[in-house]
Amino acid sequence: APHHNCYILLHALQPPGAFPSVYHTPLSLEVQRRASKWGGLVNFSWFGEKSRSGDSEGQAATVFSHLGGRLEIPLISLENVDEVERTIQGHLSGPPTELTSREAHIYVCTHGARDCRCGIRGRQVFEALLETVRIARDRNPHGPAAHIKVGEVGHVGGHRYAANVLIFPQGEWLGLIKPEDAPEIIVGACEALEQGVKPLGLAEMPFLTSHWRGRMGLTKQEQKELF
């Protein structure tokens, strides 16, 4: 995975399956320009509901960092981007927010216009993860699966690794995921929640080693050594 200290997910106004091959907005380009200076990556996420704000007003965002965990930004726009940048920069140094341990977020790249493998394989994996979470919640409505969110994201890079899956706040990047891997991913997320889910570092072994692509907060060399 590319070296990054945080991952910024702008809440999209449409699902990644509706994105053109290359999808940017003036806001995402400005955020990425700033984030590049402090090790941030920017993408779009979708959980089945439109962002509460429109293009003219901006949109909400979720930020994960390897020291600060999860941060929710209610509204980011070109008008308040200076203030939001300061907030995110302060978040980067930690400690993890109280929100961090409450939920596990699993994102699947379903950006089919960028590469058909992401659209086909990604969609299959996304649906398998949703179904696995549904079954787990039916069995135990108050169990850890109730705190797992499964969403879609735009292009993450590495089409040949489709389906690509990102797991936060741990910061794990997985590739070549198939629908039959969904139960193991959800079991892992449930176990992490029970233990107090948090960003992972150099001390923790990779999750799903045969599918592991890397981890947020680690250099490429550190990822190679850990693998």
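Index from 1, following the sequence.
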Please check: side-chain N/O of Asn43 versus main-chain N/O of Val153, any donor-acceptor pairing under 3.5 Å?
no
Which heavy-atom pair separates Leu78 from Pro26 by the least distance, and what is that distance?
CD2-O, 4.1 Å
What distance separates Cys118 SG from Phe126 CZ, expressed to the nearest 0.5 Å?
14.5 Å
For the atom pair OG1 (Thr132) and CD (Glu180), what is the distance rounded to the nearest 0.5 Å?
11.0 Å
Kindly compute the distance separating CZ (Arg114) from OG (Ser21), expressed to the nearest 0.5 Å.
5.5 Å
Which residue, Pro15, Pro16, Ser28, forms the side chain to side chain contact (heavy atoms under 4.5 Å, CB included) with Phe44?
Ser28
Taking 4.0 angstrom as the limit, do Arg134 and Glu131 come out as a salt bridge?
yes
Between Arg34 and Asp82, is there a side-chain N and carboxylate O pair less than 4.0 Å apart?
yes
In the single-linkage hydrophobic clustering (I, L, V, M, F, W, Y; side-chain heavy atoms under 4.5 Å), do Val133 and Ile177 co-cluster?
yes
When you measure from the side chain of Glu30 to the backbone of Leu27, do you find a donor-acceptor pair of N or O atoms at a distance under 3.5 Å?
no
Check whether Phe207 and Trp173 end up in the same hydrophobic cluster, where Ile, Leu, Val, Met, Phe, Trp and Tyr are linked by side-chain heavy atoms less than 4.5 Å apart.
no
Assigning hydrophobic clusters by single linkage (Ile, Leu, Val, Met, Phe, Trp, Tyr; side-chain heavy-atom cutoff under 4.5 Å), is Leu208 placed with Val150?
yes
So, do Thr100 and Val197 sit near enough that their side-chain heavy atoms are less than 4.5 Å apart?
no
Gln221 and Glu225 side chains, donor-acceptor separation under 3.5 Å
yes
So, do Gln170 and Arg215 sit near enough that their side-chain heavy atoms are less than 4.5 Å apart?
no
Where do Arg102 and Leu99 land on the side-chain contact (heavy atoms from CB on, under 4.5 Å) test, with the steps shown first?
CA-CA 5 Å; Arg102 296 179 185 174; Leu99 290 176; 3.5 Å; yes
Using 0.5 Å steps for rounding, measure from the OG atom of Ser45 to the OH atom of Tyr7.
9.5 Å
NZ/Lys149: more than 12 non-hydrogen atoms of other groups inside 6.0 Å:
yes
Which atoms form the tightest heavy-atom contact between Pro169 and Ala104, and what is the distance?
CD-CA, 4.4 Å
Do Trp212 and Phe227 have side-chain heavy atoms sitting under 4.5 Å apart?
yes
For the residue pair Asp181 and Val125, establish whether any side-chain heavy-atom pair is separated by less than 4.5 Å.
no
Chi angles and distances behind the side-chain contact (heavy atoms from CB on, under 4.5 Å) call for Arg70, Glu103:
CA-CA 9 Å; Arg70 178 163 66 99; Glu103 293 179 344; 3.5 Å; yes
Reported CZ-to-SG distance for the pair Arg123 and Cys109, which is rounded to 0.5 angstrom
11.0 Å
Examine Tyr161 and Val156 and state if one hydrophobic cluster contains both, with Ile, Leu, Val, Met, Phe, Trp and Tyr joined whenever side-chain heavy atoms are less than 4.5 Å apart.
no
With side chains defined as the heavy atoms from C-beta onward, is the minimum distance between Val63 and Leu9 less than 4.5 Å?
no
So, Glu172 and Arg213, do they make that salt bridge, N to O below 4.0 Å?
no
What heavy-atom pair brings Ala1 and Gly214 nearest, and what distance separates the two atoms?
CB-CA, 4.0 Å
Test item: Gln59 side-chain N/O and His11 main-chain N/O as donor-acceptor pair under 3.5 Å
yes
Backbone N/O of Ala145 and side chain of His147: donor-acceptor pair under 3.5 Å:
no
With a 4.5 Å heavy-atom cut-off, do Thr87 and Leu71 have their side chains touching?
yes
Same cluster or not: Met216 versus Ile167, using hydrophobic residues (I, L, V, M, F, W, Y) connected whenever any side-chain heavy atoms lie under 4.5 Å apart?
no
Does the pair Leu29 and Thr25 meet the rule for a side-chain contact (heavy atoms from CB on, under 4.5 Å), with working shown?
CA-CA 6 Å; Leu29 289 172; Thr25 65; over 6 Å; no
When rounded to the nearest 0.5 Å, the distance separating NE2 of His91 from CG of Asn5 is 11.0 Å
Taking the six-membered ring for Trp, are Tyr107 and His105 parallel (under 30°), tilted (30 to 60°) or perpendicular (over 60°)?
tilted
Does the side chain of Ile106 come within less than 4.5 Å of Leu166's, by heavy atoms?
no
Minimum heavy-atom separation for His66 and Pro199, please, with both atom names.
O-CB, 3.4 Å
Should Leu218 and His3 be marked as a side-chain contact (heavy atoms from CB on, under 4.5 Å) after you check the CA-CA gap, both sets of side-chain angles, and the distance that decides it?
CA-CA 6 Å; Leu218 303 186; His3 179 218; 5.8 Å; no
Between Ser36 and Gln32, does any side-chain donor sit less than 3.5 Å from a side-chain acceptor?
yes
Heavy-atom pair of closest approach, residues Ala61 and Ile76
CB-CG2, 4.2 Å
Please examine the side chains of Leu92 and Trp38, heavy atoms only from C-beta on, and report whether any two atoms are closer than 4.5 Å.
yes
On a heavy-atom basis, the closest approach of Gly157 and Asn164 is O-ND2, 4.0 Å
Backbone N/O of His155 and side chain of His111: donor-acceptor pair under 3.5 Å:
yes
